[in-house]
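Read the structure below first, then the notes.
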Amino acid sequence: AVHLLESGGGSVQAGGSLRLSCRASGITYSTYCMAWFRQAPGKQREGVAGIDPDGTIKYADSVKGRFTISKDNAENVLHLQMNDLEPDDSATYFCALAYGALIAPYGLNPDIFALWGQGTRVTVSS
């Protein structure tokens with residue numbers, strides 16, 4: 001079975017940075033759409049950033065200019081570089097993979113993502 005494993009979460013002060021990583025075995029990242037989602041307590045899961053196999057990238061408006069998604073196809077690692085973090089960025093961040101769907105037409109719609117990691121917690125204090 002394929003599993004996604006996130007790492008890199010932690011606690012930082014506002015204005016700080018974190019880099020999340022998502023690793024998997026048994027699957028080739030280069031052929032799939034992948035994304036980062038987040039969910040804060042009491043709130044719905046929301047898309048943060050996604051990347052299609054052709055390199056098309058989408059960001060949530062709330063993170064544009066601060067977060068960068070990237071994919072190392074050789075190492076099968078998905079990253080999310082988060083800079084200038086704000087308290088509202090506090091959430092559990094999940095890595096997700098879509099089989100046969102792309103964010104170009106569907107956007108950061110969680111319904112198109114079939115495989116999810118267990119999440120990594122990010123806490124930003126003011």
Side-chain angles (χ1 to χ4, degrees):
V2 178
H3 298 283
L4 302 178
L5 182 61
E6 303 94 337
S7 62
S11 297
V12 296
Q13 289 190 324
S17 298
L18 285 172
R19 189 187 194 207
L20 306 184
S21 297
C22 175
R23 300 177 186 272
S25 60
I27 199 164
T28 303
Y29 275 13
S30 62
T31 59
Y32 297 101
C33 167
M34 300 196 68
W36 290 96
F37 286 78
R38 67 186 181 188
Q39 188 167 20
K43 293 187 177 181
Q44 287 189 329
R45 188 168 297 191
E46 63 171 343
V48 176
I51 182 168
D52 278 339
D54 68 355
T56 298
I57 290 175
K58 288 188 182 291
Y59 292 101
D61 288 342
S62 59
V63 307
K64 283 181 181 176
R66 301 187 297 121
F67 290 12
T68 302
I69 188 171
S70 62
K71 191 167 57 168
D72 185 333
N73 290 326
E75 297 293 327
N76 257 9
V77 181
L78 181 73
H79 296 292
L80 184 69
Q81 178 67 41
M82 305 186 295
N83 298 328
D84 194 19
L85 283 160
E86 303 169 354
D88 284 348
D89 295 319
S90 297
T92 298
Y93 284 70
F94 299 89
C95 171
L97 182 148
Y99 293 113
L102 302 173
I103 59 169
Y106 295 107
L108 293 169
N109 180 353
D111 292 339
I112 71 170
F113 292 89
L115 186 63
W116 295 81
Q118 292 187 330
T120 184
R121 178 72 184 166
V122 171
T123 303
V124 184
S125 57
S126 57

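For this chain, numbers begin at 1 and follow the sequence in order.
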Quiz prompt | Minimum side-chain heavy-atom gap Leu18-Phe67 below 4.5 Å | solution = no
Quiz item: Residues two or more places apart in sequence or in another chain: which of them pass side-chain hydrogen bond (donor to acceptor under 3.5 Å, both in side chains) with Ser90?
Solution: none
Practice problem: Scan for salt bridge (charged side-chain N to carboxylate O under 4.0 Å, His left out) pairs involving residues 40-58, sequence neighbours excluded, and state none if there are none. | Solution: Arg38-Glu46
Quiz item: Got a second to check how far Phe94's CZ is from Trp36's CH2, nearest 0.5 Å?
Solution: 11.0 Å
Quiz item: Is there a path of hydrophobic side-chain contacts, each under 4.5 Å between heavy atoms of I, L, V, M, F, W or Y residues, that connects Tyr99 with Met34?
Solution: yes
Exercise. Output the distance between atom CZ (Arg19) and atom CE (Met82), rounded to the nearest 0.5 Å.
Key: 11.5 Å
Quiz item: Should Ile69 and Tyr29 be regarded as members of a common hydrophobic cluster, given that ILVMFWY residues are connected when their side-chain heavy atoms come within less than 4.5 Å of each other, either directly or indirectly?
Solution: yes
Self-check item: Thr56 OG1 to Ile51 CD1 distance, which is reported to the nearest 0.5 Å
Solution: 8.5 Å
Quiz item: Hey, does Glu6 have a side-chain heavy atom less than 4.5 Å from the side chain of Leu20?
Solution: no
Quiz item: Which distance, rounded to the nearest 0.5 Å, do you find between the OG1 of Thr68 and the CG of Asn83?
Solution: 6.5 Å
Self-check item: Nearest atoms (heavy-atom pairs only) where Gln81 meets Ser17
Solution: NE2-CB, 4.0 Å
Quiz item: Are Leu78 and Leu97 close enough that some pair of their side-chain heavy atoms sits under 4.5 Å apart?
Solution: no
Practice problem: Establish whether Val77 and Val122 are linked, either directly or via other cluster members, by ILVMFWY side-chain heavy-atom contacts under 4.5 Å. | Solution: no
Quiz item: Which value, rounded to the nearest 0.5 Å, describes the distance between Glu86 atom CD and Ser126 atom OG?
Solution: 11.5 Å
Quiz prompt | Arg66, CZ: over 12 other non-hydrogen atoms inside 6.0 angstrom | solution = yes
Quiz prompt | Spacing of SG belonging to Cys22 relative to NZ belonging to Lys71, to within rounding of 0.5 Å | solution = 11.0 Å
Side-chain donor-acceptor pairs of residues 101-116 under 3.5 Å, sequence neighbours excluded:
from   : atom 1 : to     : atom 2 : distance (Å)
Asn109 : OD1    : Asp111 : N      : 2.9
Trp116 : NE1    : Phe113 : O      : 3.0

Quiz item: Shared ILVMFWY cluster between Tyr59 and Phe37, side chains joined below 4.5 angstrom?
Solution: no
